[in-house]
Amino acid sequence: MPELPEVEVTRLSFASRIEGARILSVRLGKALRWPLGCAPSRLVNRGVLGVRRRGKYLLIDLDQGLLLLHLGMSGSLSFAKDLPAPGRHDHFEMVTTQGTLRLNDPRRFGAVVYADAQDAGAARTLLGRLGVEPLTQDFDVDRFHAGLKRRKAAIKQVLLAGDVVVGVGNIYASEALFLAGIRPTVIAARLSRPRVARLHAAIRDILGRALASGGTTLRNFASASGEKGHFQFETMVYAREGEPCRVCSKAIKSLRQGQRSTFYCPQCQKA
DNA sequence: AAAAGCCCCTGGATGC
DNA sequence: TGCATCCAGGGGCTTT
């Protein structure tokens, strides 16, 4: 579920509330993607300094070490003083002096991993290959163009891979390519500089607007304060196969790329 | 080095 | 109603 906008919406919904808290207890449910990496009791009494985001990872900085948290495909967080009794899909819970942080993740593709120091072990491996942050100044057309130049895979799959630019998942990749008028199957390296510039602008636009809309809630997504997103009402192509394009009325098409579905308009995205 | 497949897991929708 | 099949917002790992 969660792409960059959903992860950032989640971060914003609890970062300031948990900052300065002290951890009172940690409880684990069923196994997530990776083990926590330390005994839960080791986290007790640590202080929470703040919450950052890198790509689709949330980084909870502690006064000693940090927690890396990923929502996977179906994860969502809750943070509140009084939460209902844990359900069957609540697999991580951290009680703090300022509220309880809980991860609900039915598919368990998500993860919570403890790392000793910022550039140690897990953090380095998981974050090391990530591309540039699309909503920062570091994401500029020159750099993006250079990154795409050496990739001979389809542009949609290069966007999803996250090693050129992070945070663009299956929904926003289709949406950004539509906005830029680019066919998802085009080889990344073949995109002309003006088209790369359009895609660059489209990615920033789509992620920015989705963020402002509280993200996309297809099924379960909600921020840590329980707010659902509403960007699903603004999608141009995603999950609209057979429906008329909102620009030209041609039927939206879909195809499979790397076991993921892609949606596009055959008229607005001719090449 | 980069591309393509595989797989982790559960649940909801659809079809017979 | 019951059961099988397919699909889902991610991404690390292994194989080409």
Side-chain angles (χ1 to χ4, degrees), chain A residues 1-10 29-35 37 53-58 68-77 87-92 103-113 121-131 146-177 184-190 206-207 210-211 213-223 228-235 237-242 254-263:
Chain A
M1 63 194 268
E3 305 183 31
L4 186 149
E6 291 73 32
V7 178
E8 182 64 9
V9 163
T10 298
K30 289 174 84 173
L32 292 164
R33 179 163 192 160
W34 297 296
R53 179 190 55 74
R54 177 72 177 96
K56 297 171 189 168
Y57 287 91
L58 285 174
L68 266 163
L69 202 147
H70 199 289
L71 301 176
M73 200 86 122
S74 58
S76 61
L77 289 179
R88 60 185 300 211
H89 298 307
D90 294 325
H91 301 303
F92 173 86
L103 172 66
N104 180 277
D105 185 6
R107 289 177 74 179
R108 295 192 279 125
F109 288 171
V112 183
V113 175
R124 173 177 243 151
T125 314
L126 294 173
L127 305 177
R129 290 189 268 271
L130 296 184
L148 296 181
K149 261 287 179 239
R150 52 190 134 81
R151 303 298 293 270
K152 295 188 168 56
I155 182 61
K156 160 81 171 351
Q157 294 185 261
V158 172
L159 291 179
L160 281 191
D163 49 358
V164 175
V165 57
V166 293
V168 183
N170 210 37
I171 296 177
Y172 302 122
S174 280
E175 294 296 316
L177 288 166
T185 47
V186 175
I187 301 303
R190 305 261 274 254
I206 199 81
L207 295 180
L211 181 54
S213 300
T216 298
T217 297
L218 254 37
R219 186 169 296 162
N220 291 323
F221 175 73
S223 74
K228 296 195 170 199
H230 45 272
F231 194 74
Q232 62 273 22
F233 302 118
E234 294 180 43
T235 55
V237 291
Y238 185 80
R240 297 193 64 243
E241 182 180 11
S254 82
L255 53 84
R256 304 284 294 178
Q257 289 179 290
Q259 297 137 212
R260 314 294 300 277
S261 53
T262 300
F263 300 88

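Note on naming: letters A, B, ... go to the chains in the order of the sequence lines (proteins, then strands), and numbering restarts at 1 for each one. Side chains included, hydrogens not; waters and symmetry mates left out as well; all remaining heavy atoms used.
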>> Let's test your reading of the model: under 3.5 Å, does the base of dC9(B) pair with the side chain of Arg107(A) as donor and acceptor?
In response: yes
> Which dot-bracket string describes DNA chain C (Watson-Crick N1-N3 plus N6-O4 or O6-N4, or G-U N1-O2 and O6-N3, all under 3.5 Å; [ ] crossing; | other strand)?
Replying inline: .|||||||.|||||||
> When you check the phosphate oxygens OP1 and OP2 of dA3(B), does a side-chain N or O of Lys152(A) lie under 4.0 Å from one of them?
Replying inline: no
> Any side-chain N or O of Arg129(A) less than 4.0 Å from the OP1 or OP2 oxygen of dA1(B)?
Replying inline: no
> Is any side-chain N or O of Tyr172(A) closer than 4.0 Å to OP1 or OP2 of dG10(C)?
Replying inline: no
> Which part of the nucleic acid does Gly258(A) contact within heavy-atom distance under 4.0 Å: base, sugar-phosphate only, or nothing?
Replying inline: nothing
>> Taking 4.0 Å as the cut-off, does a side-chain nitrogen or oxygen of His91(A) come that near to OP1 or OP2 on dC9(B)?
In response: no
>> Please classify the nucleic acid contact of Tyr238(A) as base, sugar-phosphate, or nothing, using heavy-atom distances under 4.0 Å.
In response: sugar-phosphate
> What's the closest nucleotide to the Pro106(A) side chain, out of dG9(C), dA3(B), dG11(B)?
Replying inline: dG11(B)
> Quick one: is Arg256(A) getting a side-chain N or O under 4.0 Å of the dA8(C) phosphate, OP1 or OP2?
Replying inline: yes
> Under 4.0 Å: is that the gap between some side-chain N or O of Ser74(A) and OP1 or OP2 of dG12(B)?
Replying inline: no
> What is the distance, rounded to the nearest whole Å, between atom CZ of Arg260(A) and atom C1' of dC6(C)?
Replying inline: 15 Å
> Counting side-chain heavy atoms from C-beta on, which of dC13(C), dG9(C), dG11(B) comes nearest to His89(A)?
Replying inline: dG11(B)
>> Under 4.0 Å from OP1 or OP2 of dG11(B): is there any side-chain N or O of Arg88(A) that close?
In response: yes
>> Under 4.0 Å from OP1 or OP2 of dG9(C): is there any side-chain N or O of Arg219(A) that close?
In response: no
> Who pairs with Arg260(A) by side-chain contact (heavy atoms from CB on, under 4.5 Å), at least two apart in sequence or on another chain?
Replying inline: Met73(A), Lys156(A), Leu160(A), Asn170(A)
>> Does the structure show Phe109(A) stacking with dG10(C), if we require the centres to be closer than 5.5 Å and the planes to be within less than 30 degrees of parallel?
In response: yes
> Between dT10(B) and Lys30(A), is there an OP1 or OP2 to side-chain N/O distance shorter than 4.0 Å?
Replying inline: yes
> Which nucleotide sits closest to the side chain of Asn170(A): dG11(B), dG9(C), dC7(B)?
Replying inline: dG9(C)
